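Here is the structure we will look at.
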Amino acid sequence: MRALGLTIHGRRILAAELHLKRTAPGISARKFDRQLRNSVITAVNRRGKYILIELDSQLVLTTHLRMTGKFLSVPHGEKLPPYAHAVFHLDDDRMLVFCDMRQFGRMRILRANKLALAPEISALAPEPFSDEFTADYLIRVLSRSRRSLKQLLLDQTKVLGLGNIYASEALFLAKINPFKAAATLSRKRALLLHQAIRDVLQEAIDAGSTLNINLTDGGGTYFATPERFWRVYEREGEPCVNCGTKIRRVVHGGRSTYFCPKCQRR
DNA sequence: ACCCTCACCTGCACGC
DNA sequence: TGCGTGCAGGTGAGGG
């Protein structure tokens, strides 16, 4: 995110190509280009998992990378990388390329003054590192839900920023059972969960900014999800880092959930 | 209003 | 070797 901002801030979009229709539903390739062409990128921000590329035209290009989406910076004239679904020609002789093997990522063009009204943005929970995301906020949300903790943590309108991997990780860090009903969590343990949510997210951010972002990669700059190891995720059968008990995997709400049956008994 | 299930898509790890 | 099957992830449509 930050690296992307540094690379494209202040650049003018000379042309915008939409190669895959479903990447930007409801807009033609022609209109996609017309709306973005000749505008200057004034800021790159983020709300939840949405990247907001703000333009001097008072429009905002929103992008959700989903699982496999990524932005690459490619020198103009170079061969496009695989799965390039949108290409932005910039005024510094580079192209910003949106690639997505699974075609799940989505782009939308919104008016800046209507951004907060867009349903996918307006419904989002407070940013996890904002003052608004307090332990009391979390406790309130937990108390009003009839779902399990794991399911609640995946709901971006309740708790923002965790996906399936980090929901498992946060619960492991807080030593709380993923299947426990959200409303039955004690205040004391909700405080631990609140901290754990911030901790796993901070870890992931640190890993991304220090370990795996290579801005001078000759083959094109990657702003991809970092490769890293997790404490419980994808560790079924391996010993728990705290107690050595074998990590278990249970499909819950249609998603794999990893946990230590001893550390996270309740 | 809330919450559940399933479709979306591709590469890859499996088993036969 | 090759083919079929199931799985992974985040979201939103559709239904209860």
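So you know, we letter chains A, B, ... as the sequences are listed, proteins then strands, and number each from 1. Keep in mind the model is a prediction, meaning the values are calculated, not measured.
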* Contact class for T68(A) (heavy atom, under 4.0 Å): base, sugar-phosphate, or nothing? -> nothing

* Worked verdict on Y258(A) versus F172(A) for side chain to side chain contact (heavy atoms under 4.5 Å, CB included) -> CA-CA 8 Å; Y258(A) 295 84; F172(A) 174 77; over 6 Å; no

* How does protein contact run along nucleotides 9-15 of chain B, one letter per nucleotide 5' to 3', with B for base contact, S for sugar-phosphate only, - for none, heavy atoms under 4.0 Å? -> BBS----

* To do: Count the heavy atoms belonging to other residues, nucleotides or ligands that lie under 6.0 Å from NZ of K175(A), then report whether that count exceeds 12.
  => no

* Separation of atom CG in L65(A) from atom P in dG10(C), rounded to whole Å -> 12 Å

* E17(A) versus H19(A), side-chain donor and acceptor atoms under 3.5 Å -> yes

* Structure fact -> Of all heavy-atom pairs linking G161(A) and Q156(A), the shortest is N-OE1, 3.0 Å

* Structure fact -> Going 5' to 3' through nucleotides 11-16 of chain C and flagging B where a protein heavy-atom sits under 4.0 Å of the base, S where only the sugar-phosphate is that close, and - otherwise, we get BS----

* To do: Could you state the atom-to-atom distance from CD of Q151(A) to P of dC2(B) in whole Å?
  => 16 Å

* To do: Name the nucleic acid region contacted by G254(A), choosing base, sugar-phosphate or nothing; use a 4.0 angstrom heavy-atom cut-off, strictly under.
  => nothing

* Check against side chain to side chain contact (heavy atoms under 4.5 Å, CB included), H89(A) and I13(A) -> CA-CA 6 Å; H89(A) 297 264; I13(A) 297 172; over 6 Å; no

* Structure fact -> Of F88(A), Y83(A), F71(A), the one forming a ring pair (Phe, Tyr, Trp, His ring centres under 6.0 Å) with F98(A) is F71(A)

* Within a reach of under 6.0 Å around CZ of R47(A), are more than 12 heavy atoms found that belong to other residues, nucleotides or ligands? -> yes

* Scan residues 104-113 of chain A for pairs that pass side chain to side chain donor-acceptor pair (under 3.5 Å), counting only residues two or more places apart or in two chains. => R108(A)-E120(A)

